[in-house]
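As the structure lists them, so they are numbered: ligands from 1, and atoms in each ligand from 1. Numbering of residues begins at 1 and proceeds along the displayed sequence.
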Amino acid sequence: MNPVPAPSEGTPAGRQRLSIPPGRLIVLSGPSGVGKDTVLQELFRIAPWLHYSISYTTRPPRPGEVDGVAYSFVDDARFQALRDDHELLEYASVHGHWYGTAEARVRESLERGEDIVLKIDVQGAAWIRPRVAGAVFIFLLPPSPEELRRRLTERATESAGSLALRWENARTELADQGSYDYRVVNDDVLRAAREILDIIERDRPRAGHP
Ligand code: ADP
Ligand code: 5GP
């Protein structure tokens with residue numbers, strides 16, 4: 001079967017070939033509790049054409065988290081196999097668990113011309129930065145450290161130990177914000193989502209001008 005018609009006959013002279021730019025990688029980072037998931041949910045509501053990269057993680061699911069939606073939840077052995085089989089675009093140990101991006105899912109999405117959002121930590125972003133041309137790097141900031149602490153605590157999803165670790169790691173994450181192309185303050189969920197969408201649209205390369 002050859003679904004692609006031969007271009008020689010029947011092609012009007014002078015017709016330009018369509019130049020469809022491939023999709024782009026949009027990387028979102030920020031400290032735990034800043035509101036990444038909340039803002040992304042709003043972003044996908046106002047821009048349903050954007051895609052999301054569902055990561056693998058060895059973290060146990062929180063109540064209400066569905067396998068294959070928030071994450072693909074796997075055990076340590078499966079994660080190691082994914083890593084050894086080079087199925088991960090990047091991976092890192094974050095707050096005591098493994099997290100990694102499924103390379104095939106991302107590649108297929110980009111090849112289809114889709115813009116795909118990765119919610120990954122600063123280590124993963126640092127790995128991707130020199131390797132993926134044209135990716136957009138956005139860092140989500142809290143309005144203040146006090147507000148970050150309040151959000152992290154009030155979400156009430158973490159044990160005391162995990163909460164302390166996430167709070168401690170926030171300092172390292174925040175110290176890396178200067179490596180990002182854009183910084184967005186999550187003061188208001190809809191406003192922050194709109195700002196991210198503006199960045200994505202503004203930063204879009206024109207067809208033929210990557
Ligand atoms: P992250 O994905 O970055 O870990 P979440 O999206 O889970 O963070 O948000 C952490 C908590 O903060 C949640 O309880 C969420 O409802 C709350 N939150 C998120 N954004 C805002 C905001 N702009 N104002 C007030 N609370 C917020
Ligand atoms: P959580 O356990 O709160 O869902 O996620 C903790 C952190 O893990 C997130 O803040 C995010 O930065 C990071 N993370 C999630 N998925 C990935 C991934 O695939 N790769 C990397 N490097 N980090 C991830």
**Name of the residue among Leu140, Leu28, Val122 meeting side chain to side chain contact (heavy atoms under 4.5 Å, CB included) with Tyr180** = Val122
**Message:** Against Tyr52, only a single residue in Ile116, Ile26, Leu40 fulfils side chain to side chain contact (heavy atoms under 4.5 Å, CB included); can you say which?
**Reply:**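 When side chain to side chain contact (heavy atoms under 4.5 Å, CB included) is applied between Tyr52 and each of Ile116, Ile26, Leu40, only Leu40 qualifies.
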Identify, by atom number and element, the atoms of ligand 1 in contact range of [X], meaning under 4.0 Å from any of its heavy atoms.
X	result
Thr38	5 (P), 6 (O), 9 (O), 15 (C), 19 (C)
Val189	20 (N), 21 (C), 22 (C), 23 (N)
Asp37	2 (O), 6 (O)
Pro31	3 (O)
Lys36	1 (P), 2 (O), 3 (O), 4 (O), 6 (O), 8 (O)

**Request:** Record the part of Asp187 in heavy-atom contact with ligand 1 below 4.0 Å; permitted values are side chain, backbone, both and neither.
**Result:**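 Within the 4.0 Å criterion, Asp187 contacts ligand 1 through backbone atoms alone.
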**Message:** Under 4.0 Å, heavy-atom basis, I'd like to know which part of Ala192 is in contact with ligand 1: side chain, backbone, both or neither.
**Reply:**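 It is neither; nothing of Ala192 touches ligand 1.
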**Asked** Does NZ or CZ of Arg59 fall inside the cone over Trp98's six-membered ring, less than 6.0 Å from its centre and within 45° of the axis?
**Response** no
**Pocket residues of ligand 2, ordered first by chain and then by residue number (heavy-atom cut-off under 4.0 Å)** = Lys36, Ser55, Arg59, Arg62, Tyr71, Glu90, Ala92, Val94, His95, Tyr99, Gly100, Thr101, Lys119, Ile120, Asp121, Gly124, Arg166
**Request:** Can you establish whether the number of heavy atoms outside Gln41 located under 6.0 Å from its atom CD is more than 12?
**Result:**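 No, because the 6.0 Å sphere around CD of Gln41 holds 12 heavy atoms or fewer from other groups.
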Would you say [Y] and [X] are linked by a side-chain donor-acceptor pair, where the criterion is simply a distance under 3.5 Å?
X	Y	result
Thr101	Tyr91	no
Thr157	Arg155	yes
Arg166	Ser162	yes
Asn169	His95	yes

Starting from [atom], what is the nearest protein heavy atom, named by residue and atom, and what distance separates them?
atom	answer
atom 20 (N) of ligand 1	Asn186 ND2, 3.0 Å
atom 8 (O) of ligand 1	Gly35 N, 3.1 Å
atom 27 (C) of ligand 1	Arg151 NE, 3.6 Å
atom 10 (C) of ligand 1	Gly33 O, 3.5 Å

**Request:** Using non-hydrogen atoms of the residue, decide whether Gly30 is closer than 4.0 angstrom to ligand 1.
**Result:** no
**Request:** Each residue besides Val66 in its hydrophobic cluster should be listed here, by chain and number; the cluster joins Ile, Leu, Val, Met, Phe, Trp and Tyr at side-chain heavy-atom distances under 4.5 Å.
**Result:** Val69
Please report, to 0.1 Å, the donor-acceptor pairs under 3.5 Å made by any side chain of residues 124-137, with sequence neighbours excluded.
from: Arg129; atom 1: NE; to: Ser179; atom 2: O; distance (Å): 3.1
from: Arg129; atom 1: NH2; to: Ser179; atom 2: O; distance (Å): 3.4
from: Arg131; atom 1: NH1; to: Trp127; atom 2: O; distance (Å): 2.7

**Item:** Partners meeting side-chain hydrogen bond (donor to acceptor under 3.5 Å, both in side chains) with Arg151 (sequence neighbours left out)
**Value:**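 Listed in chain order: Glu147.
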**Request:** Could you go through the ring-ring contact (aromatic ring centres under 6.0 Å, His included) check for Tyr71 and Tyr99 one step at a time?
**Result:** CA-CA 9 Å; Tyr71 288 103; Tyr99 295 81; 5.7 Å; yes
**Request:** Could you name the option among Glu42, Arg155, Arg62, Glu158 that has the heavy atom nearest to atom 13 (C) of ligand 1?
**Result:**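 Answer by nearest heavy atom: Arg155.
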